[in-house]
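Data block below; observations after.
Small disclaimer: the values here were computed from a predicted structure and weren't measured. Position 1 is the first residue of the sequence, and the numbers go up from there.
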Amino acid sequence: MARPQEVLLGLALLCLLAASAQVAAGAGARETVGVYETRKGDFSVKVTNFGARLMSVVFPDSKGNLADVVLGKDTIAEYVDDDFYFGPITGRIAQRVARGRFVLDGKVYHMYRNDGNNTIHGGGRGFSKSIWTVKEHVAGGDSPHVTLYYRSFDGEEGLPGNVDAYVTYRLSAPYTLGVHMNATALDRATPVNLLLHAYWNLGGHGSGDVLGHTLRLFASRHAVLDEELLPSSGRVEPVAGTPLDFRAPAAIGARIRRVVGGRVAGYDANYIVDGGGEGAMRPVARARDGASGRALELWANQPTMQLYTGNNFNRTRGKGSRVYERYAGFCLETMGYVDAVNHPEFPSQILRPGQVYRHDMVFKFSF
C-alpha cells in the first residue's frame, strides 16, 4: 500500500495536472480523473483517463478462477510517480528518440531527455502522464467501451503542431479486447507513434515471474539495437540462430540469460512483424501460461513490436500489496519503427496537417 504522504503528494500533482489540462483545453473546460470499468460477463477491464491507462484485465483460468493479468498500482495517485509505465498510452513519440532531437522540414527540434541522453515514451510528461477527456463510457451491454481524447498542444515536449488523439478500449465476445488509437495533425507536420505499455502475467499479476510462459512471435526479423536500445546502425537482421527467435513457441525464460536488454539480462528487443501491407491487421504474438491455462493472442496493424520482460523490476510495489520482481510481466508493444524520426531508411511517422494516424490492437484471451 502507498504511504499516506505519497498519496497526498500524488493527489497534489494530479490537481496541478488537472489545472494545466484546463488551461490547455480552454476556459470553462474541466477534467475529472477517474476509473472506468467495462464488463461482459466474467470478463472485465478497467482504465483511467490519467494517461489513458489500462489498469486491469480480469478473466477466468481453466478452472474458472478469476484473476487480473495486468501489472499496475492500486490508486491513480500512485501512477503519478510511476517510472515503469504501467499500462499507459505513450506518445507523441513512443519508445526512444536518440539525443532527444530530430530534423523535420529543415528545422531542428529538441525534446526533453528523460532516458540518459535520450528521450523515451514522449518525454517528461508526454501522453502517459496527461489527463485525457472521457468522450464516451458504456459500462455493459453488447459493446462495452470507453473512448478517451487528448489535445496535444503545439510545443508540448518540444514537438511541433497541435494534435488530436483518441483511444477506445472495447470489449467483445468471446473475451476480446480491442484497443483503437488514432491521431490527427491539425496545423503543422509532426511525428506520431503511439503504443500501449501494458505488462502481462497470465498467471495473474503478482503470481511470480513469466519465464515459464510459452511465447510465439510472428516475426522473422528484428531491428538491431545498441547498448542504449537505439537502432543506431539502421540494420534489420534475421532472428534465426539468435536468442530472439520465437518463431516456434518457446518459454520466455529458455534463452533469456543470453540476451541483454540495455545493461540487464532480459528482452528489450524490437521485432519486425511478418506479413501484411501497410495498415493491415496481422498476427503478432501468442502467449500461454501452462499453470493457469490462460492464453493471449495479439493482432495489430503496426510494423514493429517491442518485447520487454520487466528486466528492471526490483521489489517494485504493485497492486494488492504484491511485490514485482524482475521478469514479473512482459510487454508486447506494437508501434512504428523505433527512432524513425532519425532514420530515413525506416517508414516515416510524420503526419502532415489533416492526415490521420491509426493504430489498432486486438487481444484475444482464452483459457
Side-chain angles (χ1 to χ4, degrees), residues 1-11 13-14 17 33-40 42-61 63-90 121 128-129 131-132 139 144 146 148 167 169 171 175 177 179 195-213 252 287 289 291-292 294 296 308-333 363 365 367:
M1 295 293 291
R3 293 188 292 270
Q5 60 267 34
E6 291 177 326
V7 173
L8 289 173
L9 177 60
L11 290 172
L13 289 171
L14 279 173
L17 286 169
V33 179
V35 177
Y36 302 86
E37 183 176 19
T38 53
R39 177 179 295 274
K40 205 169 181 64
D42 56 5
F43 178 42
S44 65
V45 168
K46 289 181 181 178
V47 304
T48 174
N49 58 322
F50 180 59
R53 192 177 303 262
L54 182 64
M55 296 181 70
S56 73
V57 173
V58 175
F59 71 102
D61 66 7
K63 298 180 180 178
N65 300 310
L66 295 175
D68 180 0
V69 299
V70 172
L71 277 62
K73 301 288 187 177
D74 285 315
T75 66
I76 297 172
E78 291 175 273
Y79 285 110
V80 173
D81 294 321
D82 164 31
D83 293 327
F84 290 100
Y85 297 92
F86 284 113
I89 300 296
T90 73
H121 295 320
S128 63
K129 291 191 176 181
I131 299 173
W132 295 53
V146 57
L148 308 171
V167 59
Y169 292 91
L171 277 60
Y175 301 100
L177 169 65
V179 183
L195 65 77
L196 170 64
H197 201 288
Y199 292 88
W200 304 97
N201 185 325
L202 297 172
H205 87 93
S207 64
D209 63 54
V210 295
L211 299 180
H213 280 47
I252 290 176
D289 171 46
S292 67
R294 292 191 188 91
L296 171 161
Y308 178 56
T309 49
N311 310 331
N312 295 309
F313 289 144
N314 181 17
R315 297 200 59 77
T316 302
R317 286 187 303 169
K319 292 183 284 192
S321 300
R322 296 301 181 102
V323 174
Y324 303 148
E325 297 288 5
R326 186 174 294 173
Y327 316 131
F330 64 98
C331 299
L332 302 170
E333 308 164 21
F363 295 92
F365 301 99
F367 46 91

Could you tell me whether a side-chain N or O of Tyr324 sits under 3.5 Å from a main-chain N or O of Gly72, the two making a donor and an acceptor? yes
Which heavy-atom pair separates Ala52 from Ile89 by the least distance, and what is that distance? O-CG1, 3.5 Å
Could you work out, with ring pair (Phe, Tyr, Trp, His ring centres under 6.0 Å) as the rule, every residue matching Tyr169, not counting sequence neighbours? none
Say you draw a straight line from CZ of Arg322 to CG of Leu71; how long is it, rounded to the nearest 0.5 Å? 10.5 Å
On the six-membered ring of Phe59, is Arg294 placed so that its NZ or CZ lies under 6.0 angstrom from the centre and within 45° of the ring axis? yes
Are Leu177 and Val57 close enough that some pair of their side-chain heavy atoms sits under 4.5 Å apart? yes
Under 4.5 Å between any side-chain heavy atoms of Arg315 and Val323, yes or no? yes
Between Tyr175 and Phe367 (judged by ring centroids, cut-off 6.0 Å), do the two rings come close enough to count as a pair? yes
Rounded distance (nearest 0.5 Å) linking atom OG of Ser321 with atom CG of Asp74: 6.5 Å
Please list, chain by chain and in numerical order, all residues satisfying side-chain hydrogen bond (donor to acceptor under 3.5 Å, both in side chains) with Asn49, sequence neighbours excluded. none
Could you walk me through whether Phe330 and Asp209 pass side-chain contact (heavy atoms from CB on, under 4.5 Å), step by step? CA-CA 9 Å; Phe330 64 98; Asp209 63 54; over 6 Å; no
All heavy atoms of Ala139 vs all of Pro144, minimum pair found to be O-CB, 3.6 Å
Minimum heavy-atom separation for Asp42 and Leu66, please, with both atom names. O-CD2, 3.6 Å
Can you classify the ring geometry of Phe365 versus Trp200 as parallel (below 30°), tilted (30 to 60°) or perpendicular (above 60°)? tilted
So how far is it from Ser44 OG to Leu171 CG, rounded to the nearest 0.5 Å? 8.0 Å
Just wondering, do His121 and Lys129 contact through their side chains at under 4.5 Å, heavy atoms? no
Is it the case that the ring center of Phe50 lies less than 6.0 angstrom away from the ring center of Trp132? no
Judged by atom type as modelled, is there a donor-acceptor pair below 3.5 Å linking the side chain of Asn201 to the main-chain atoms of Ala328? yes
Testing His205, Lys319, Lys46 for side-chain hydrogen bond (donor to acceptor under 3.5 Å, both in side chains) with Asp68, which one passes? Lys319
Parallel, tilted or perpendicular, as decided by the 30° and 60° cut-offs, for the rings of Tyr199 and Phe86: tilted
Decide if the gap between the ring center of Phe84 and the ring center of Phe313 is smaller than 6.0 angstrom. yes
Answer yes or no: is there a side-chain heavy-atom contact under 4.5 Å between His213 and Leu202? yes
For the CD1 atom of Ile252 and the CG atom of Leu211, what is their distance to the nearest 0.5 Å? 7.5 Å
Could you check whether any side-chain heavy atom of His197 comes within less than 4.5 Å of a side-chain heavy atom of Ser128, counting everything from C-beta outward? no
Is Arg326 reaching over with its side chain to a backbone N or O of Asn311, donor-acceptor style, under 3.5 angstrom? yes
Show the numbers, then the answer: is there a side-chain contact (heavy atoms from CB on, under 4.5 Å) between Leu332 and Leu296? CA-CA 11 Å; Leu332 302 170; Leu296 171 161; 3.9 Å; yes
Could you give me the CA-CA distance, side-chain angles and deciding distance for Arg53 and Asp82, then say whether side-chain contact (heavy atoms from CB on, under 4.5 Å) is met? CA-CA 12 Å; Arg53 192 177 303 262; Asp82 164 31; 3.2 Å; yes
One should read off an interatomic distance between Tyr79 OH and Thr48 OG1, to the nearest 0.5 angstrom, of 8.5 Å
